[in-house]
Amino acid sequence: MNTTKTIRMLAVTMLAGVAVVSCGGNHNVAHEDDEPVLKEAFAGKFLIGAAVNDNQVSGKDSIAAELIRRHFNTIVAENVMKSAEINPQQGVYNWEPADRFVEFGVENGMFVVGHTLVWHSQLAPWFVYDDNGRYVSADTLRERMRTYITDVVVRYKGRVNGWDVVNEVIDDDGGYRRTPFYEILGEEYIPYAFELAHAADPDAQLYLNDYAMDNPAKRDAYVRILNDLKKRGLRVDAIGMQSHAGMDYPNIAEYEKSMEAFIGTGTKVMMTEWDMSALPSVTQSANIADTTAFRREMNPYTDGLPADVDSVWNARMATMLDIALRHSDDVLRVNAWGVSDGDSWKNDWPMKGRTDYPLLFDRHYKMKPFIRGAAKAAKN
Ligand code: G3I
């Protein structure tokens with residue numbers, strides 16, 4: 001761990017009267033003595049975890065690594081298992097970062113989630129374009145999907161417990177997103193991907209996953225897809241509601257209505273990429289392509305969150321978590337999209353260089369009040 005981080009940690013520790021205890025080896029983790037352990041508090045309700053990065057699973061960020069081990073029983077790969085990372089060119093595989101992620105989960109006895117097999121973003125161009133820059137044929141794409149999904153899922157068979165098989169396949173209007181997969185194969189690419197993943201590892205859980213699931217048009221589209229996949233006899237264990245949120249989205253009532261609609265199809269649900277921006281909303285999308293130029297007024301809290309904003313944020317997060325708790329019979333897991341505020345993609349999206357406060361732990365790895373309160377209540 002670098003010196004600055006050490007000094008900062010120690011300073012915070014002394015100020016906050018926080019116990020810095022050595023949890024095995026030379027790791028120091030800052031946590032209050034009375035801090036509830038999240039995976040114990042929510043045991044029997046749902047798995048709880050986060051998206052993790054290579055710095056954390058490699059131990060470079062040793063405080064985060066220790067926090068993950070202490071609190072979480074499930075992890076998902078934020079980036080290292082995306083196809084452009086694993087298979088940047090035809091026949092070229094970059095396994096090491098994905099191997100480190102899976103190994104970290106396996107050695108810590110966690111439920112390991114692979115994200116994501118089929119996604120239009122972070123997709124290496126070779127996968128869908130020929131040498132002339134035109135789409136490859138349907139047969140070629142089907143063969144490339146078969147090769148890729150089989151190579152990846154077989155490699156981690158028995159160690160990756162669940163796969164985001166397809167990600168973000170429905171547009172805001174409820175139609176199929178016009179991705180290269182859709183343009184070349186039509187909607188059949190979705191059941192095909194599930195078929196391939198199941199053939200490669202019959203024991204792995206298989207999921208759909210998308211953002212803005214409070215959108216009624218998306219809800220209806222995914223209810224239709226879930227029913228169709230089941231009618232085909234395909235394995236679909238759950239649907240991931242990414243749950244990227246802000247101070248004015250999602251519509252909480254519509255969000256819960258979607259969760260209930262998905263459960264109504266006989267499918268389990270998950271909060272797969274949960275975070276909530278505390279900053280003025282620029283967009284309600286989580287479509288990574290929707291970025292915007294920096295504007296100072298959109299980055300108002302560079303020196304910390306004002307108490308009134310902090311309490312509204314905590315209340316909104318508690319409201320979303322309460323939905324999962326009330327439906328916990330059908331909620332498999334709750335994953336935050338990152339460990340502590342400093343890790344979040346939201347610091348640089350949709351606007352680069354902002355200071356956001358979207359996760360369960362702050363920049364000093366301190367647990368936020370809403371989750372501390374919910375964990376204590378769940379435990380009692
Ligand atoms: O690894 C390269 C590095 O070598 C290079 O130096 C650096 C600078 O260009 O880029 C690094 O790759 C970046 C990657 O994150 C790893 O940090 C990509 O540019 C960047 O686009 C990528 O952003 C990720 C984004 O998905 C796109 O894949 C975010 O971290 C990640 O949080 C975000 O997560 C997505 C989910 O997968 C799907 N749901 C929406 C969610 C938010 O967009």
Side-chain angles (χ1 to χ4, degrees), residues 49-58 60-61 64 75-89 92-101 112-125 127 152 160 162-172 177 179 181 193 207-215 218 222 238-246 249-250 270-277 279 281-292 333-354 356-360:
V52 298
N53 60 41
D54 200 38
N55 272 344
Q56 293 156 348
V57 300
S58 65
K60 284 195 201 86
D61 184 346
I75 52 173
V76 55
E78 180 174 14
N79 287 301
V80 297
M81 295 192 101
K82 292 168 178 173
S83 63
E85 300 286 332
I86 287 186
N87 194 189
Q89 291 142 46
V92 175
Y93 282 101
N94 171 27
W95 293 117
E96 291 69 32
D99 288 352
R100 276 196 293 276
F101 162 75
V112 181
V113 180
H115 169 83
T116 175
L117 294 173
V118 175
W119 188 32
H120 59 280
S121 182
Q122 302 315 102
L123 173 70
F127 207 95
V152 173
V160 169
W163 285 100
D164 286 340
V165 175
V166 297
N167 189 44
E168 302 171 11
V169 302
I170 295 294
D171 242 334
D172 292 345
R177 186 187 289 271
T179 67
F181 294 101
Y207 318 124
L208 290 154
N209 189 50
D210 208 335
Y211 63 84
M213 293 291 235
D214 62 316
N215 172 338
K218 275 192 157 181
Y222 277 110
I239 186 163
M241 302 173 75
Q242 290 182 11
S243 310
H244 292 294
Y249 72 96
M270 309 166 294
M271 292 174 75
T272 48
E273 304 185 14
W274 192 25
D275 54 25
M276 182 179 292
S277 177
L279 304 181
S281 288
V282 177
T283 167
Q284 299 203 2
S285 154
N287 187 10
I288 195 69
D290 300 340
T291 57
T292 183
R333 62 186 155 87
V334 172
N335 276 79
W337 200 244
V339 175
S340 63
D341 288 342
D343 303 318
S344 175
W345 70 296
K346 289 211 162 172
N347 292 312
D348 287 317
W349 186 90
M351 213 178 275
K352 276 207 168 305
R354 296 212 292 176
D356 208 339
Y357 305 82
L359 293 169
L360 308 187

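The model shown is predicted, which means the values in this text are computed figures rather than measured ones. As the structure lists them, so they are numbered: ligands from 1, and atoms in each ligand from 1.
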Notebook entry, point to check: In terms of side-chain geometry, is the basic nitrogen of Asp348 or Arg354 positioned less than 4.0 Å from the acidic oxygen of its partner?
Noted result: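 Judged by the 4.0 Å cut-off on N to carboxylate O distance, Asp348 and Arg354 do not form a salt bridge.
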
Next item on the list: Supply the atom-to-atom distance Thr272 OG1 to Met213 CE, rounded to the nearest 0.5 angstrom.
Entry: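 The distance works out to 8.0 Å.
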
Check: Can you tell me how far OH of Tyr249 sits from OG of Ser281, rounded to the nearest 0.5 angstrom?
Finding: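 Rounded to the nearest 0.5 Å, the OG-OH separation comes to 5.5 Å.
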
Notebook entry, point to check: Which heavy atom of Phe101 sits nearest a heavy atom of Val80, and at what distance?
Noted result: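 In terms of heavy atoms, the two residues are closest at CB-CG2, 3.9 Å.
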
Notebook entry, point to check: With ring centroids as reference points, do Trp345 and His244 lie under 6.0 angstrom apart?
Noted result: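 Yes, the ring centres sit under 6.0 Å apart.
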
Which pairs of donor and acceptor atoms, one on a side chain in residues 163-172, lie under 3.5 Å apart (sequence neighbours left out)?
residue	atom	partner	partner atom	Å
Asp164	OD2	His115	ND1	2.8
Asn167	OD1	Asn209	ND2	2.8
Asn167	OD1	Gln242	NE2	3.2
Glu168	OE1	Trp119	NE1	2.9
Glu168	OE2	Gln242	NE2	2.9

Margin query: Show me, by chain and number, every protein residue that has a heavy-atom distance under 4.0 Å to ligand 1.
Written below: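 These residues qualify: Glu78, Asn79, Lys82, His115, Trp119, Gln122, Asn167, Glu168, Gln242, His244, Glu273, Ala286, Ile288, Trp337, Trp345.
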
